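Below is one structure, written out as structure tokens; comments come after it.
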Amino acid sequence: MKNLEIAKLFYEMADLLEMKGVDWKPAAFRRAARSLEALSEDIETVAQKNRLHEIPGVGDRLASKIIEYLATGKIDEREKLLKSVPKEITQLMQVPGLGPKKVKVLFQKLGIHSVEQLQQAAKEHKLVKLAGFGEKTEQNILRGITLFKTGQERMLLGRAHPLAQSIVERLQKRREVKQIAIAGSMRRMSQAVGDIDILVTSNKPGPIMDTFTTLPEVKAVLAKGSTKSTVILNAGIQADVRVIPEESFGAALQYFTGSKDHNIALRNIAIRKGYKLSEYGLFDKKTGRTVAGSTEEGVYKKLGLSYVEPEMRENRGEIEHAQRRKLPCLVTKADIKGDLHMHTTYSDGEHSVREMVTAAAALGYEYIAITDHSPLQRIAHGVEEARLRKQWKEIDKAQEEFPQIRVLKGSEVDVKADGSLDYPDRILKELDVVIASVHLGQSHDNTDRILRALDNRYVTLLGHPTGKRYGLRESYQVDLLRVYNAAHDAGKFLEVDGQPERTDLSDTAVREAIDAGVKLTIDTDAHSVEQLQRYMYYGVGTARRGWATTTDIVNTLPLKKFEKIIAR
DNA sequence: GCCGTTTTCGGCCCGACTGTTTTCAGTCG
């Protein structure tokens with residue numbers, strides 16, 4: 001997949017063009033780059049099929065640049081650009097507070113083209129002399145460099161979300177706050193978020209800004225205005241709070257939820273209908289009269305669209321579906337009747353069988369499966385046969401104590417290099433739920449061994465199908481299309497693992513799997529009670545981003561139907 | 001450079017905040 005590679009080059013070219021003062025072209029390059037990032041299909045396949053023009057924002061010129069890159073590994077225009085502007089200069093654009101105009105001045109007047117040079121010049125007070133620069137700009141740039149160096153990587157949703165909730169809870173206590181909501185990519189349930197966006201309605205924004213900017217976890221205040229403030233939290237992520245009047249809440253929530261591409265598409269529809277859409281509402285262009293704005297539903301309705309759930313707002317076809325009233329009714333957390341993947345102290349979990357069952361019963365589940373690791377996972381204390389049988393007795397005991405929840409005997413069984421499983425069939429036969437998972441020997445292509453594992457009649461589902469872990473490990477090599485087809489043919493399920501660093505299958509893979517007719521499960525893969533309680537939210541969010549409905553998710557079935565479908 | 005139930009040319013989302021200016025440009029989301 002060279003999708004991300006090419007997207008990166010387009011972003012870089014956009015920066016270079018912008019510094020040269022070229023109009024509009026940079027925006028076109030960025031739009032195409034965003035489309036490439038969102039594209040799940042391999043760009044080379046798309047190019048071969050002559051379907052590059054179907055990618056939003058890719059026209060004749062950009063299509064030929066993609067083809068040029070795939071054929072030669074180079075883009076001629078980029079090479080030419082790099083001759084007139086040094087490449088490192090695009091790094092300067094990454095410094096918060098610096099944009100193309102200021103970078104251009106820095107380069108032309110002082111010859112600055114690296115962050116190090118910039119830092120040196122700012123310390124020597126050389127910047128204040130430049131037109132448009134002043135004392136504060138210089139200080140801001142120094143602060144921006146610090147931020148740049150500590151890195152503004154995206155933060156895992158599973159880590160950022162509790163931070164956001166905690167801020168919301170404390171702001172909510174102020175009586176000036178009427179409505180409050182989390183917006184942005186966090187509301188869209190992206191696996192990782194760049195910042196935290198919080199929206200508040202109030203008639204008295206002042207005290208809210210004060211409270212927010214003085215929270216104990218605030219490391220630095222980047223901006224504090226009358227209705228909008230931006231801070232950096234100690235955890236290293238940016239947080240914004242924005243106060244709007246009550247009648248604009250829906251429009252603002254829509255606007256700040258994004259995504260950018262979804263909003264641009266929406267605005268264009270508004271323009272065509274003679275409206276103007278902003279975070280303050282939907283207005284009639286001629287009379288200026290408010291058409292909608294207090295609720296999101298109202299805004300979508302007036303634009304001729306059915307309501308689009310936040311998780312779908314990525315401009316991946318949801319707008320066309322909303323126009324034709326063909327949007328799927330997404331699965332919700334309340335639809336989930338059971339959790340099929342969790343660990344106890346028998347392998348690498350923190351809590352006992354009884355503790356996990358107690359927690360699951362409190363969550364209101366109709367059923368769960370206890371699925372510790374098989375012996376091959378020595379580092380995780382994989383369970384050999386004798387201990388497995390001991391665990392079954394413990395499960396039976398817990399089952400007696402908690403008759404309201406069915407406790408299934410399961411295992412997360414390792415798929416060995418040759419595709420055989422880490423327990424013999426005579427043991428697998430006695431288990432209610434068998435999760436086949438690849439953990440070891442991921443360096444070569446895993447498709448064949450996964451297909452063989454799916455062929456085993458006792459396997460229920462394939463656990464975390466790609467092995468990808470955010471920031472830790474890329475997906476192992478696997479031909480997912482073949483896996484979808486095999487799972488479909490064999491009647492096996494694929495898992496959406498809800499661990500925040502996994503969410504595996506990913507959103508786009510969920511959609512492909514559903515299109516291939518595969519049924520899925522959403523599990524927590526919990527290693528503690530706390531994870532059992534929290535991670536289903538992320539699993540469901542990922543499935544919703546993949547447009548999953550209850551009929552696609554097996555563990556939305558009530559117990560009786562579920563037992564029937566896993567019986568073999 | 002892209003794109004079209006207003007257009008194949010002439011638009012391209014739009015408003016808050018900041019700092020450097022004396023009315024606005026640059027940056028950000």
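Order of the sequence lines sets the chain letters (A, B, ...), proteins ahead of strands, with each chain counted from 1. Note that this is a predicted model, so its numbers are computed, not measured.
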Legend entry - Polar side chain donor-acceptor pair, A:Glu37 to A:Tyr11, under 3.5 angstrom: yes

Legend entry - A:Lys101 side chain near B:dG26 phosphate (N/O to OP1/OP2, under 4.0 Å): yes

Inset, instruction - For the pair A:Tyr300 and A:Tyr307, name the ring-plane relationship: parallel under 30°, tilted 30 to 60°, perpendicular over 60°. - result: perpendicular

Legend entry - Under-4.0 Å side-chain N/O to phosphate OP1/OP2 contact, A:Asn140 with B:dT18: no

Inset, instruction - Report the distance from atom CZ of A:Arg34 to atom P of B:dC13, rounded to the nearest whole Å. - result: 10 Å

Inset, instruction - Determine the Euclidean distance between corresponding C1' atoms of B:dT22 and B:dT18; express it in Å to zero decimal places. - result: 16 Å

Inset, instruction - Say whether A:Asp504 and A:Thr466, considering side chains only, have a donor N or O and an acceptor N or O under 3.5 Å apart. - result: yes

Legend entry - Single hit among A:Arg313, A:Lys302, A:Lys301 for salt bridge (Lys or Arg N to Asp or Glu O under 4.0 Å) with A:Glu296: A:Arg313

Inset, instruction - Would you indicate which nucleotide in B:dT27, B:dG29, B:dT5 comes nearest to any side-chain atom of A:Lys102? - result: B:dT27

Inset, instruction - Establish, with yes or no, whether the OP1 or OP2 oxygen of B:dG1 is under 4.0 angstrom from a side-chain nitrogen or oxygen of A:Lys25. - result: yes

Inset, instruction - Can you tell me the distance, in whole Å, between the NE2 atom of A:His53 and the P atom of B:dG4? - result: 13 Å

Inset, instruction - Sticking with atom P, work out how far B:dC2 lies from B:dC13, rounded to a whole angstrom. - result: 16 Å

Inset, instruction - Look at all strands and tell whether A:Asn263 reaches a base, only sugar-phosphate, or nothing, counting heavy atoms closer than 4.0 Å. - result: nothing

Inset, instruction - For the side chain of A:Ala28, starting at C-beta, report the closest nucleotide among B:dT6, B:dC12, B:dC2. - result: B:dC2

Inset, instruction - Would you indicate what A:Pro100 reaches in the nucleic acid, counting non-hydrogen atoms under 4.0 angstrom: base, sugar-phosphate, or nothing? - result: sugar-phosphate

Legend entry - Residue among A:Arg188, A:Arg34, A:Arg267, A:Arg316 satisfying salt bridge (Lys or Arg N to Asp or Glu O under 4.0 Å) with A:Asp261: A:Arg34

Inset, instruction - Using the C1' atoms only, state how far B:dC12 lies from B:dT8, rounded to an integer number of Å. - result: 16 Å

Inset, instruction - For B:dA16, take OP1 and OP2 only and decide whether either is under 4.0 Å from a side-chain N or O of A:Ser229. - result: no

Inset, instruction - Check whether any side-chain N or O of A:Gln238 sits under 4.0 Å from OP1 or OP2 of B:dG29, and answer yes or no. - result: yes

Inset, instruction - Pick base, sugar-phosphate or nothing for A:Glu77, based on heavy-atom distances below 4.0 Å to the nucleic acid. - result: sugar-phosphate

Legend entry - With A:Glu77, the salt bridge (Lys or Arg N to Asp or Glu O under 4.0 Å) member among A:Arg61, A:Lys25, A:Lys83: A:Lys25

Inset, instruction - Rounded off to whole Å, could you give me the CZ-to-C1' distance for the A:Arg272 and B:dC13 pair? - result: 14 Å

Legend entry - Whole-Å distance separating the CZ atom of A:Phe10 from the C1' atom of B:dC2: 13 Å

Legend entry - Between B:dG26 and B:dT20 - C1' atom distance, rounded Å: 11 Å

Legend entry - Minimum-distance nucleotide (side-chain atoms of A:Tyr280 versus B:dT20, B:dG15, B:dC2): B:dG15

Legend entry - Of the listed nucleotides B:dC3, B:dG1, B:dG29, the one nearest the side chain of A:Tyr255: B:dG29

Legend entry - Nearest atoms (heavy-atom pairs only) where A:Thr213 meets A:Val218: O-CG1, 3.8 Å

Inset, instruction - Take A:Val103 and A:Arg242, find for each the nucleotide of DNA chain B with the closest heavy atom, and name the residue whose nucleotide sits nearer the 5' end. - result: A:Arg242

Inset, instruction - With DNA chain B as reference, determine whether A:Ala63 or A:Asn268 sits nearer its 5' end, using the nearest nucleotide of each. - result: A:Ala63

Legend entry - From B:dT5, B:dC17, B:dG1, nucleotide with atom closest to A:Thr227 side chain: B:dC17

Legend entry - Touch class at under 4.0 angstrom, heavy-atom based, for A:Arg61 against every strand present: sugar-phosphate

Inset, instruction - Write down the distance separating the C1' atoms in B:dG19 and B:dT23, rounded off to the nearest Å. - result: 13 Å

Inset, instruction - Compare the minimum distances between each of B:dC13, B:dC12, B:dC14 and the side chain of A:Ser278, then state the nucleotide with the smallest one. - result: B:dC14

Inset, instruction - Please tell me which of the listed nucleotides, B:dG1, B:dC17, B:dC13, lies nearest to the side chain of A:Lys65? - result: B:dG1

Inset, instruction - Determine the interatomic distance between C1' on B:dA16 and the same-named atom on B:dG11; round to the nearest Å. - result: 25 Å

Legend entry - Under 3.5 Å side-chain donor-acceptor pair for A:Glu5 and A:Tyr69: yes

Inset, instruction - Report the distance from atom CG of A:Leu266 to atom C1' of B:dC14, rounded to the nearest whole Å. - result: 14 Å

Inset, instruction - Write down the partner of B:dG29 under the Watson-Crick or G-U wobble criteria, each distance required to be under 3.5 Å. - result: B:dC14

Inset, instruction - Mind calculating the distance between CG (A:Leu142) and P (B:dG19) to the nearest angstrom? - result: 14 Å

Legend entry - Distance test, side-chain N/O of A:Lys276 to OP1/OP2 of B:dG15, below 4.0 Å: yes

Legend entry - Spacing of the P atoms in B:dT21 and B:dT27 (rounded, Å): 15 Å

Inset, instruction - Among the candidates B:dC12, B:dC13, B:dA16, find the nucleotide nearest to the side-chain atoms of A:Ile264. - result: B:dC13

Legend entry - Rounded distance (Å) that lies between atom C1' of B:dG15 and atom NZ of A:Lys260: 13 Å

Inset, instruction - In whole angstrom, give the distance that lies between atom CD1 of A:Ile269 and atom C1' of B:dG4. - result: 14 Å

Inset, instruction - Consider the side chain of A:Lys228, meaning its heavy atoms from C-beta on, and name the nucleotide among B:dC2, B:dT20, B:dC17 that approaches it most closely. - result: B:dC17

Legend entry - Near-parallel close stack of A:Trp24 and B:dC12 base (under 5.5 Å, under 30°): yes

Legend entry - Side-chain N,O (A:Thr230) to OP1/OP2 (B:dC17) below 4.0 Å: no

